[in-house]
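Single-structure report; data block below.
Naming: A, B, ... by sequence-line order, numbering from 1 per chain.
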Amino acid sequence: MSLLDLFRKNPPSAPAARERLQILMAHERAGHKGPGYLPKLHKDLLRVCKKYMQIDDSKVSVRVEELGSVSMLEVNIELPGDGPAYR
Amino acid sequence: MSKVIVITSGKGGVGKTTTSASFAAGLALQGHKTVVIDFDVGLRNLDLLMGCERRVVFDFINVINGDARLKQALIKDKRVDNLWILPTSQTRDKDALKKPGVEQVLDTLREEFDYIICDSPAGIEKGALMSLYFADEAIIVTNPEISSVRDSDRILGVLASRSRRAEQDLEPVKEHLLLTRYDPKRVERGEMLTVEDVLEILAIPLLGVIPENQSVLRASNIGAPVILDTESSAGQAYYDSVSRFLGETLEHRFITPERKGLFQRLLRRTA
């Protein structure tokens with residue numbers, strides 16, 4: 001480190017933070033602010049699952065992921081119980 | 001009509017409990033009968049910030065389980081009229097928060113109180129979900145820092161999909177942004193996100209900006225909500241935020257670095 005560095009200020013970092021957040025939010029919001037039918041689909045899926053197993057409301061997640069030009073519907077159902085569910 | 005307000009953020013350490021304590025005290029100071037409930041089961045701290053930790057006998061979980069009556073668990077604040085605290089359990093965990101039990105306690109409180117403030121734990125797990133489920137309005141506490149903003153956005157998504165209002169297709173939970181630990185000097189130097197940056201990203205109405213201030217730690221040290229420190233910028237900013245919440249239109253203060261001497265500023269403000 002040269003003596004000059006002591007007097008050099010760090011460049012502003014807030015613009016970088018803003019830019020990173022904007023990119024991130026655009027990506028992540030595609031997940032939870034998806035099409036309007038998602039909450040209903042979620043509710044219906046829960047109802048169907050509950051016919052066959054005891055399942056907590058928080059164990060079913062439905063989201064739409066947007067990867068470039070492709071939209072992907074992702075449904076995650078976490079099975080209850082303490083071991084493999086196929087027993 | 002009584003209202004249930006959740007104070008939430010997703011991220012930990014941004015000032016939820018500090019805000020809950022001050023907001024509840026502020027509403028009570030302005031004449032509204034208010035109760036503040038600690039939902040952080042197992043990591044209770046609201047009692048400390050309210051300075052009533054040695055008066056806790058029964059708690060929220062005792063009431064849910066029917067081991068105590070609500071009246072036995074409620075603690076009346078010694079400094080502020082109209083203010084009550086419902087502490088939580090330090091020994092149990094979040095599984096003790098059963099939805100029907102929580103609902104019953106809230107329904108009973110609605111009969112007596114104007115405002116019910118729910119201090120959410122960090123995260124988006126059971127405790128946080130339970131604290132926001134019955135909310136009519138939400139105050140999202142956010143620091144001008146990327147991880148906090150991201151987590152706030154996440155919790156907004158949770159409010160819009162997992163609250164009772166969302167599940168029952170009622171009018172959505174009303175959202176308010178409270179930006180805390182704001183340091184105008186660092187913002188000016190380009191070291192911190194600006195109010196506008198955060199507003200642009202989260203896109204919800206701004207309730208207030210609480211400046212980074214030494215008074216907040218002092219308040220927690222002595223167990224008195226910082227809003228009671230009427231000399232401090234943070235205390236005044238909280239008071240303004242409560243007034244805005246109650247419908248007043250007030251300009252935002254403390255968002256630009258102080259240029260004049262403190263004495264001058266105070267003169268201008270009281271003039």
Side-chain angles (χ1 to χ4, degrees), chain A residues 5-50 54-66 71-78 80-82, chain B residues 10-11 94-95 97-99 123-130 132-133 142-170 172 182-204:
Chain A
D5 285 345
L6 283 176
F7 300 101
R8 198 171 294 151
K9 272 197 186 160
N10 284 326
S13 54
R18 183 178 53 230
E19 197 179 318
R20 289 175 63 210
L21 263 175
Q22 278 166 342
I23 294 168
L24 193 67
M25 291 296 98
H27 182 77
E28 288 182 354
R29 275 187 193 149
H32 62 74
K33 292 192 180 148
Y37 60 75
L38 275 191
K40 263 201 103 199
L41 176 64
H42 184 251
K43 231 179 275 178
D44 286 351
L45 278 172
L46 257 177
R47 196 166 39 79
V48 174
C49 289
K50 279 180 173 168
Q54 285 225 314
I55 197 166
D56 193 72
D57 285 16
S58 64
K59 302 297 184 205
V60 174
S61 80
V62 183
R63 38 188 262 147
V64 170
E65 194 95 52
E66 267 165 45
S71 292
M72 192 172 67
L73 179 68
E74 183 189 303
V75 178
N76 248 311
I77 302 170
E78 201 179 310
D82 41 22
Chain B
K11 190 176 183 302
K94 309 287 193 264
D95 289 332
L97 289 169
K98 301 265 190 289
K99 207 179 260 179
I124 47 170
E125 311 301 323
K126 183 151 191 185
L129 289 177
M130 217 39 87
L132 67 79
Y133 187 76
T142 307
N143 290 168
E145 183 266 326
I146 51 171
S147 53
S148 175
V149 177
R150 181 200 217 175
D151 291 1
S152 291
D153 188 71
R154 183 86 168 87
I155 212 79
L156 285 170
V158 173
L159 274 166
S161 63
R162 314 264 311 261
S163 61
R164 179 174 62 173
R165 282 175 172 273
E167 283 188 5
Q168 300 180 356
D169 278 331
L170 302 169
Y182 195 70
D183 188 336
K185 282 200 188 107
R186 301 198 70 184
V187 169
E188 196 180 51
R189 291 200 294 263
E191 296 172 8
M192 187 179 262
L193 291 168
T194 65
V195 183
E196 292 77 23
D197 289 341
V198 179
L199 277 177
E200 193 191 315
I201 291 162
L202 292 179
I204 59 171

Just to verify, what does B:Tyr182 make a side chain to side chain contact (heavy atoms under 4.5 Å, CB included) with, not counting sequence neighbours? B:Pro144, B:Leu179, B:Pro184, B:Val187, B:Thr194, B:Val195, B:Val209, B:Ile255
Spatial distance of atom CG (A:Leu46) from atom CD (B:Glu167) [nearest 0.5 Å]: 8.5 Å
So which part of B:Arg162 gets closer than 4.5 Å to some heavy atom of chain A, the side chain, the backbone, both or neither? side chain
A:Glu74 atom CD: more than 12 heavy-atom contacts under 6.0 Å: yes
Taking distance alone, no hydrogens or angles, what donor-acceptor pairs closer than 3.5 Å link side-chain atoms of residues 13-24 of chain A to residues at least two apart or in another chain?
from	atom 1	to	atom 2	distance (Å)
A:Arg18	NH1	B:Asp197	OD1	3.0
A:Arg18	NH1	B:Asp197	OD2	3.3
A:Gln22	NE2	B:Glu200	OE2	3.0

B:Arg165, CZ: over 12 other non-hydrogen atoms inside 6.0 angstrom: yes
Given a strict heavy-atom distance threshold of 4.5 Å, which part of B:Arg189 is in contact with chain A: side chain, backbone, both, or neither? backbone
